Amino acid sequence: MVESWSFLDTAESNFRPLVVIELAKGTKEETIEWFTKRIVDKKADGGAQLLIQPLVTENGVENIYLVGASHLRLLLGAETVGLVKECSDNSMRTFTYSSRKTFKHFADDNHNFLTMAECQYIIKHELENLRAKNEKMIPGYPQAKLYPGKSIVRRLLTSGILVQIFPLHDREELKKLSHSWYGRVKVGYQPLDDIRCYFGETIALYFGFLEYFTFALIPMAVIGIPYYVFAWEDYDKYMMFATFNLLWSTVILEVWKRMCAILTYRWGTLLMKRQFEEPRPGFHGVLGINPVTGREEPVYSSVKRQLRIYLVSLPFVCLCLYFSLYVMMIYFDLEQWALDYHKENESNFSSLMLYVPSIIYAIVIEIMNRIYRYAAEFLTSWENHRLESSYQNHLILKVLVFNFLNCFASLFYIAFVLFDMKLLRQSLATLLITSQILNQFAESLLPYWLQKRYNRRMKKRMCSKKTDTDLSLAEQVNMEKEMGTYLGTFDDYLELFLQFGYVSLFSCVYPLAAVFAVLNNITEIYSDALKMCRVYKRPFAEPTASIGVWQLAFETMSVISVVTNCILIGMSPEVDALFPDSKMDLVLTVALVE
């Protein structure tokens with residue numbers, strides 16, 4: 001491996017731009033010269049040994065640079081990051097340059113052995129691992145301190161010198177993917193392998209889970225339609241549906257584990273070794289020595305972090321939960337007012353007014369969820385977690401607890417305190433449908449409309465300059481750098497998590513919940529695909545072996561679903577009639593079934 005680096009040349013005649021680096025306007029020349037030199041320097045000298053060129057436009061050279069790498073450099077980088085590829089004997093193994101001939105489809109002149117997404121991931125890894133040697137500061141910026149081992153890119157980002165780093169789209173490949181993915185309405189599976197090749201495993205796995213979950217909802221929807229038609233007004237005849245519900249919510253998650261393992265083994269990420277996690281960019285503290293790596297890096301007391309969590313974050317979350325319950329009680333007051341108004345007037349208008357409190361409450365829930373999300377992000381960042389995985393776990397826990405109580409507390413209250421199945425059906429239907437409409441608008445329609453307006457302005461500007469219909473590289477970069485940044489799959493999984501809760505917890509009293517969920521997910525597949533291809537910048541590929549902590553979140557919801565449906569079954573007149581004398585026997589039986 002060491003010998004391989006020594007003969008690697010940084011120059012290549014056919015430069016292929018893969019990643020874009022945008023520096024802030026007015027960045028000092030000495031900073032640019034130092035940073036670009038570190039990018040092209042040899043590995044032995046602490047550089048990344050990549051290729052870099054400035055983007056030349058009609059206005060001259062701007063502070064935008066294109067980064068690429070030679071074919072040999074990318075192969076050596078593939079070994080560094082531990083990519084797993086398929087061998088000639090159909091087994092999956094970690095790629096090594098010395099045994100490259102044993103891998104399927106490998107040839108010295110085959111530059112497509114690594115996908116474009118894998119090449120961009122390798123470059124991102126090398127840029128993020130550019131570390132300070134003896135520098136005490138960023139040249140030209142004394143306030144931007146450095147110390148040996150500090151990530152240069154992360155310091156440039158936090159100092160505002162580096163605006164953004166993003167991978168370039170491949171216009172031809174994107175056009176092919178768009179056509180096969182969402183370009184025509186069809187009944188069939190998504191091209192998950194193509195999505196994985198273009199966007200990476202994390203995004204492909206999300207779309208795989210979305211597709212699987214949509215198909216898993218179909219049996220619930222098929223059973224729900226006749227159940228709705230023939231037993232709609234008889235709310236007590238929900239026992240059979242609840243029984244199927246609790247079995248369904250358990251089985252689908254177990255089957256998904258197998259599906260996920262099949263996909264990630266085929267993609268090579270199931271066998272990838274976990275990379276050593278570096279401190280997250282926002283982590284700060286006093287300089288010290290890491291006992292594991294021996295490198296100098298910020299050190300922050302875990303005691304201080306725990307104090308922040310338990311003395312500030314936890315009370316704040318509890319206060320938000322109390323406020324959510326207070327809003328819920330206001331909603332029930334509105335429901336009572338609407339019911340009294342209907343009893344007094346008995347008109348079509350008064351019948352419509354019965355749904356108004358639920359619609360208002362659903363909108364308030366969405367607003368509260370989004371406001372709380374910003375507060376949770378601020379608090380979790382303030383807690384100063386060292387690792388990105390720890391930060392994400394604490395953020396997800398905060399958001400899930402609040403969203404669960406905010407969205408489902410009223411349904412539990414109606415079902416197990418008020419025992420009003422008619423109101424439960426009405427509330428569930430209104431909350432589910434309203435939240436789906438709001439999410440489709442906020443996450444897909446609005447961003448798409450804004451991006452389309454921007455693209456229209458850009459095309460007019462290009463037409464006025466009499467440019468060709470095909471975008472030049474400079475025009476492509478300028479268009480993509482203004483696109484929105486995809487912030488990850490967090491919001492997408494959260495939406496599915498809440499939808500799974502609506503369907504699995506109480507859909508026995510509103511059997512059409514699964515039908516609306518299927519319809520929403522079908523449109524979600526197309527709108528999310530459109531969003532990824534047309535609205536946002538291309539995200540960097542991130543290898544992953546599972547959906548991570550979301551698997552645990554869905555399994556927790558499944559457990560709560562089993563308990564809820566067992567209690568609903570125990571409350572049904574059919575089961576209650578089997579225990580006329582002893583209610584304790586009924587309680588014990590329900591507990592045993594759980």
Side-chain angles (χ1 to χ4, degrees), residues 10-12 15-70 73 120 122-168 278-287 295-298 381 472-485 537-538 540:
T10 56
E12 188 170 80
F15 176 77
R16 183 193 183 194
L18 294 169
V19 173
V20 177
I21 293 177
E22 182 183 3
L23 299 175
K25 289 183 178 179
T27 302
K28 297 179 179 178
E29 284 298 325
E30 58 181 308
T31 309
I32 297 174
E33 186 179 344
W34 169 77
F35 183 44
T36 53
K37 184 177 183 302
R38 290 300 304 272
I39 290 174
V40 300
D41 274 351
K42 294 185 179 296
K43 293 284 285 185
D45 299 327
Q49 212 156 342
L50 300 173
L51 308 174
I52 186 168
Q53 289 184 3
L55 179 69
V56 181
T57 64
E58 294 178 357
N59 301 323
V61 178
E62 298 181 0
N63 283 343
I64 298 176
Y65 293 83
L66 306 173
V67 182
S70 66
R73 175 69 183 87
Q120 290 166 336
I122 292 166
I123 288 178
K124 173 176 174 273
H125 176 270
E126 296 297 341
L127 289 174
E128 287 184 342
N129 280 277
L130 268 179
R131 301 194 175 276
K133 297 185 293 183
N134 300 316
E135 300 97 334
K136 301 296 182 183
M137 64 176 188
I138 301 289
Y141 294 89
Q143 72 279 10
K145 302 296 183 184
L146 287 174
Y147 49 85
K150 172 66 180 175
S151 171
I152 292 172
V153 168
R154 295 188 180 196
R155 172 56 74 213
L156 289 170
L157 281 168
T158 54
S159 301
I161 302 167
L162 179 59
V163 177
Q164 60 179 338
I165 298 179
F166 63 91
L168 268 176
E278 299 289 341
R280 51 185 293 271
F283 177 66
H284 57 85
V286 181
L287 280 181
R295 286 206 302 253
E296 192 177 24
E297 66 177 45
S381 179
S472 69
L473 178 61
E475 290 163 350
Q476 179 187 343
V477 170
N478 282 318
M479 182 175 283
E480 289 184 22
K481 76 183 180 70
E482 298 298 332
M483 286 180 164
T485 301
K537 285 192 281 284
R538 184 179 189 174
F540 279 105

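This one's a predicted model, so the numbers in the text were calculated from it and none came from an experiment.
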State whether the number of non-hydrogen atoms from other residues, nucleotides or ligands found under 6.0 Å of [X] atom [atom1] is greater than 12.
X      : atom1 : value
Lys133 : NZ    : yes
Asp45  : CG    : yes
Glu33  : CD    : no

Least distance between heavy atoms, [X] atom then [Y] atom:
X      : Y      : answer
Val67  : Phe15  : C-CZ, 4.1 Å
Asn63  : Gly26  : ND2-N, 3.7 Å
Lys43  : Gln49  : N-OE1, 2.8 Å
Leu23  : Val163 : C-CG2, 3.7 Å
Ile32  : Tyr65  : CG2-OH, 3.1 Å
Arg131 : Arg38  : O-NH2, 2.7 Å

Exercise. Within the side chain of Ser159, is there an N or O that forms a donor-acceptor pair under 3.5 Å with the backbone of Leu156?
Worked result: no

For this session: Could you point out which residue of Val56, Ile52, Leu18, Val477 forms a side chain to side chain contact (heavy atoms under 4.5 Å, CB included) with Leu66?
Result: Val477

For this session: Would you mind telling me which of Thr158, Leu162, Ile39, Asn129 makes a side chain to side chain contact (heavy atoms under 4.5 Å, CB included) with Val153?
Result: Leu162

Within-4.5 Å side-chain heavy-atom neighbours: [X] and [Y]:
X      : Y      : answer
Glu126 : Leu50  : yes
Ile21  : Leu127 : yes
Asn478 : Ile64  : yes
Phe166 : Met483 : no
Leu146 : Arg155 : yes
Thr27  : Tyr141 : yes
Leu168 : Leu473 : yes

Problem set entry | With sequence neighbours excluded, residues passing salt bridge (Lys or Arg N to Asp or Glu O under 4.0 Å) with Glu128 | Lys124

For this session: Enter the distance from Lys537:NZ to Glu480:CD here, rounded to the nearest 0.5 Å.
Result: 9.0 Å

For this session: Verify side-chain contact (heavy atoms from CB on, under 4.5 Å) between Phe35 and Ile138, making sure each step is shown before the conclusion.
Result: CA-CA 9 Å; Phe35 183 44; Ile138 301 289; over 6 Å; no

